[in-house]
Amino acid sequence: MQKIYPDAAATLEGLLFDGMTIMAGGFGLCGIPENLILALRDSGVKNLTVISNNAGVDDFGLGLLLKTRQIKKMVSSYVGENKEFERQYLSGELELEFNPQGTLAERCRAGGAGIPGFYTRTGVGTQIAEGKEHKEFNGEIYILETGLVADLSIVKAWKGDEQGNLIYRKTARNFNPMMATAGKVTVAEVEEIVPLGSFDPDNIHTPGIFVQRLIKGEHEKRIEQRTVRQRENA
Amino acid sequence: MQKIYPDAAATLEGLLFDGMTIMAGGFGLCGIPENLILALRDSGVKNLTVISNNAGVDDFGLGLLLKTRQIKKMVSSYVGENKEFERQYLSGELELEFNPQGTLAERCRAGGAGIPGFYTRTGVGTQIAEGKEHKEFNGEIYILETGLVADLSIVKAWKGDEQGNLIYRKTARNFNPMMATAGKVTVAEVEEIVPLGSFDPDNIHTPGIFVQRLIKGEHEKRIEQRTVRQRENA
Amino acid sequence: MPWDRNQMAERAAKELEDGFYVNLGIGIPTLVANYIGENIDVTLQSENGMLGMGPFPYEDEIDPDLINAGKQTITELRRTSYFSSADSFGMIRGGHIDIAILGAMEVSEKGDLANWMIPGKLVKGMGGAMDLVAGVKRVVVVMDHASKSGAPKLLHECSLPLTGQQVVDMVITNLGVFKVDRGKGMTLIELAPDVSIENVKSSTQADFNIAI
Amino acid sequence: MPWDRNQMAERAAKELEDGFYVNLGIGIPTLVANYIGENIDVTLQSENGMLGMGPFPYEDEIDPDLINAGKQTITELRRTSYFSSADSFGMIRGGHIDIAILGAMEVSEKGDLANWMIPGKLVKGMGGAMDLVAGVKRVVVVMDHASKSGAPKLLHECSLPLTGQQVVDMVITNLGVFKVDRGKGMTLIELAPDVSIENVKSSTQADFNIAI
């Protein structure tokens, strides 16, 4: 079983169809699968439902797929860092389903773990709870949320090996590990492919069982809010 | 906030009461909190409900608390590796609630993550499903299982630091990470306390937020099934 | 004289106790980190997957893989751990964070909170706010007492869509401090210097008790 | 001549495909690992939290922190990863394991499986068996065709409490191999050497089709 592919276009071959659901890892522009998003754009696949916490910016990340109108619907917790998104949404061209961020994370985790539904207190008494089943546990009210799966998950890790084992770096981990478990097929891009046995098996974040295809990408890693402090004495 | 305590007895001070519920990490005799179990025995606390995948053997692990009749009820997936357990159970002195192992693991994870209930296919059509709510998702039937929390969780890790950050070693991880999240108070025993900053922050398995008290223990690490192969040419 | 942004943050910092795990929202709550007493040790959580958040980086320390929930570059500490968003919100939803300090648009006298959308305006989403108010042990709101146009923000009932129902434990405004008994009512417990109870009453719609 | 334990294991090994992630139960299923073809690469999962299980250790390699689900000491490989029991059963429940090969006491013609308790005898618990049969993509049972007393184990309905309902895809016994269409029925597809269809029929209660 060869999991390592030569490039991003090759990893997506045979996996794409119009109207499919794709999960994309990342938080803001941090830890997003930059190369696979570009390959999705170039593939021309359309009418996508994209599950991703955010929607990128105008010229980077998922914003690129908005610009080309390949996305029909976003399932996200926080968006609108880009004008094209705003325009499409306000004109009714783009559907949008908001989820509380923790609910979205848990829905992906549940989908990957074979859990079709779970109860949470998050959103009780708000718009989010409308139309959802309410249930009492120990005197408190909770709402039912459902597990999410995707036809394809695209994730970004720091390093990977030929078995598909992945490790993430710092806060670039975010949604990537759960989304890796919730794709019928999961494709990962990494900054470095390391020889098998390089990882301490106690430290692997995503076991290779969840990853069907893997590439080494080139990562711009754009920063959204460059925030610094000054040294007192330069 | 001082999390490191001098010994096992000290870590349990003020936390124990008769009739309480305790989660104990470990799988078989692997990764069990040996020192804290001994301290529980010596404390004399009784009528315990103990949530643990297994129940130890006659003279080691939770078997020690069975011998002293401190346990009223076990919530487990597989028991009976010890005769005293068998005797108490058959005579009706000991209550027993079986959970499928994955359901037990998930119930602990759910309890720690604020999820009071989740649906699973495990056990549908079996005794385990009796009396539980059934619900259909996408044409398949699932049963409702509830989250578990404990008054106290006792866990065993390989290394810990003064903030309570923990790392586990190999298959001694098992139930310990979830149980660490599901205790109102969690006490950990480790083989080594390391200086703060020793861990790579990407590799911490249990963040210190879940651990209120910590000791360095002495571990016998008894092996249940010593199984070896022979070298072809010695 | 009403408190300014920094004074409100300073007041909020008094709610922190030694050993607390703390989540700070965007805006004034972020400033709270500047006023943490030297004799207490708290750990800041960032809901995108980090415990033990350090200060902003020096220019040469910037790391695109290390950001907070406001997408700002930050630094790590010796105590830091990283984890997934699912584990992070497990921590939040499971009640392991001691306190969240958040901004708000409106708070009702029963502790309802609205801070994520204004109907008719572009909605960017609730992010992690609904999870935080539903899961964190104690929720402290820091906000201006009235809107820029002078409309009260402490109301009988929130007019905006809720972020959480009966979730607020304390409100710190530029005029003073209110304790909230979730589901019951609010009590004015502190005034900013030279602010009178009449000042507060005139710009508050919510009913409140007084215990100063 | 009916198959012996090793031959049953060898037959079961033919169900493995290159790249498969595999969970092997205790008893005969454990022997399957000895017959994995050299041209296929499979990864063994142990439900106590390990992917990439290696062989039993040499005496000087024994590590009490490294055991399989049968509590036996084992070894790791270059591909190995460790994880918690919750993550392990997430993997199982979520349908990520390609095949489980398990022992059984009884199997019904619709694919019901009983292998965890005998009423009146001491019950040790189901361990991970219920999770495995409910979650793994394909479930293969390896067992003797009849009990020691000669009673059939392939039945119209299981008499023992179930481990799972309509969960079995294949049964390999000492007499032959049955394909099971979950919920529908079973088909004899292979016979052990010198075993006749009549031999099979005489020790089987379940109805089955024949396609040899």
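By convention in this document, chain letters (A, B, ...) are assigned in the order of the sequence lines, proteins followed by strands, and residues within each chain are numbered from 1.
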With the side chain counted from C-beta on, respond yes when [X] and [Y] share a heavy-atom pair under 4.5 Å apart, and no when they do not.
X        : Y        : result
A:Asn99  : C:Met130 : no
C:Tyr58  : A:Val228 : no
A:Phe98  : C:Lys124 : no
A:Arg231 : C:Asp60  : yes
C:Phe89  : A:Thr122 : no
A:Gln101 : C:Glu47  : yes
A:Tyr78  : C:Lys71  : yes

For this session: Kindly check if the number of other-residue, nucleotide or ligand heavy atoms within 6.0 Å of NZ (C:Lys137) is above 12?
Result: yes

Exercise. Does the A:Thr171 side chain pair with the main chain of C:Asp65, one donor and one acceptor, at a distance under 3.5 Å?
Worked result: yes

Exercise. Between the side chain of A:Arg109 and the main-chain N/O of C:Ala86, is any donor-acceptor distance below 3.5 Å?
Worked result: no

As an exercise: rank [options] by heavy-atom pairs under 4.5 Å with chain C and give me the winner.
options                                : answer
A:Gln230, A:Arg169, A:Arg222, A:Glu224 : A:Arg169
A:Ala129, A:Ala105, A:Ser76            : A:Ala105
A:Ile128, A:Thr120, A:Val79, A:Ile223  : A:Val79
A:His219, A:Arg173, A:Met178           : A:Arg173
A:Gly123, A:Gly102, A:Cys108           : A:Gly102
A:Asn54, A:Leu104, A:Asn53, A:Leu29    : A:Asn54

Exercise. Of the backbone (N, CA, C, O) and the side chain (C-beta and beyond), which part of A:Tyr168 lies under 4.5 Å from a heavy atom of chain C, both, or neither?
Worked result: neither

Exercise. So which part of A:Glu140 gets closer than 4.5 Å to some heavy atom of chain C, the side chain, the backbone, both or neither?
Worked result: neither

Rounded to the nearest 0.5 Å, what separates atom [atom1] in [X] from atom [atom2] in [Y]?
X        : Y        : atom1 : atom2 : value
C:Asp131 : A:Thr103 : CG    : OG1   : 5.0 Å
A:Lys170 : C:Glu76  : NZ    : CD    : 3.5 Å
A:Thr227 : C:Ile74  : OG1   : CD1   : 10.0 Å

For this session: Grab the two heavy atoms, one from C:Phe56 and one from A:Arg229, that are nearest each other, plus how far apart they are.
Result: O-NE, 2.8 Å

Problem set entry | Trace of the side-chain contact (heavy atoms from CB on, under 4.5 Å) decision for C:Ile67 with A:Phe27 | CA-CA 9 Å; C:Ile67 64 170; A:Phe27 178 86; 3.9 Å; yes

Structural part of [X] lying under 4.5 Å from a heavy atom of chain A:
X        : result
C:Ile62  : side chain
C:Leu66  : both
C:Asp87  : neither
C:Thr163 : backbone
C:Val167 : neither

For this session: Using a strict cut-off of less than 4.0 Å between a Lys/Arg side-chain nitrogen and an Asp/Glu carboxylate oxygen, indicate whether A:Arg226 and C:Glu59 qualify as a salt bridge.
Result: yes

Exercise. Between C:Gly135, C:Gly49, C:Ser84, which residue shows the highest count of heavy-atom pairs closer than 4.5 Å to chain A?
Worked result: C:Ser84

Exercise. If you count heavy-atom pairs under 4.5 Å between each of C:Val123, C:Thr80, C:Asp112 and chain A, which one has the most?
Worked result: C:Val123

